[in-house]
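A short write-up of the structure that comes next.
Here is the naming used below: chain letters follow the sequence lines, and residue numbers restart at 1 for every chain.
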Amino acid sequence: GAVVSQHPSWVICKSGTSVKIECRSLDFQATTMFWYRQFPKQSLMLMATSNEGSKATYEQGVEKDKFLINHASLTLSTLTVTSAHPEDSSFYICSARDWARGMNTEAFFGQGTRLTVV
Amino acid sequence: GNSVTQMEGPVTLSEEAFLTINCTYTATGYPSLFWYVQYPGEGLQLLLKATKADDKGSNKGFEATYRKETTSFHLEKGSVQVSDSAVYFCALSAQDTGNQFYFGTGTSLTVIP
């Protein structure tokens, strides 16, 4: 299947600093990527839909100035957590779909990034 | 709107026991249905999928049948192994909502030897 690579796998940062997470589709072009947040033992919460070459679409309640998304190419989307605080500590996961496989294709997920803000 | 309701966990089974994880959905269109599995500290991996009514998805001994009449997509496996311990997510995707994925809450499965 298609491969989505997410980097880094884990990161620890100090409160007030910013952290960038990368999501790459390795063997397909992804015009759309999705960013999720997952709290311990809970399901995935869609944060935003990242669109190549245009602004991301954020879900209700997600601060777009805090979670900056850039989708500058067909294979790369980045999520930057700005001025991180301990409550931003979470597991962040990206996904993408390879539309060349058809409209019913599954989503492929990155391995996730564990962010810990201290 | 679209939503997925999944059986609450956690589920603990002995090795070789039969597994059922219930999943029902609500959809305004004709969704595709998926089961994903998440191992600790990892992202989600597709386990199986079905794209239309009466389709059966299967993989690694797991099966699920797309039942339109009962709006269900229950996951089953006849004989679980310790290596099946993970969290399982039921999900749907529908074209009328931009193919966005809707996930259930996840069901944690622990298989003991």
Notebook entry, point to check: Rounded to the nearest 0.5 Å, how far does CZ of B/F101 lie from CG of A/L44?
Noted result: 11.0 Å
Notebook entry, point to check: Nearest 0.5 Å, what's the NZ-CZ distance between B/K77 and B/F62?
Noted result: 4.5 Å
Next item on the list: Can you see which heavy atom on A/A96 is nearest to which on A/A30, and at what distance?
Entry: CB-CB, 3.8 Å
Next item on the list: For B/T65 and B/K56, work out which heavy atoms get closest and say how close.
Entry: OG1-CE, 3.6 Å
Margin query: A/Q6 vs A/I21, test: side chain to side chain contact (heavy atoms under 4.5 Å, CB included). Steps then yes/no.
Written below: CA-CA 7 Å; A/Q6 195 172 334; A/I21 303 169; 3.8 Å; yes
Check: At a heavy-atom separation under 4.5 Å, does A/Q38 approach chain B through its side chain, its backbone, both, or neither?
Finding: side chain
Notebook entry, point to check: Using non-hydrogen atoms and a limit below 4.5 Å, what part of residues 35-44 of chain B faces chain A?
Noted result: B/Y36, B/Q38, B/G41, B/E42, B/G43, B/L44
Checklist line | Side chains of B/T107 and B/V87 in contact at under 4.5 Å (non-hydrogen atoms) | finding: no
Check: Where on B/F103 is there a heavy atom nearer than 4.5 Å to chain A: the side chain, the backbone, both, or neither?
Finding: both
Notebook entry, point to check: Can you say whether the rings of B/Y66 and B/F73 are parallel (under 30°), tilted (30 to 60°) or perpendicular (over 60°)?
Noted result: perpendicular
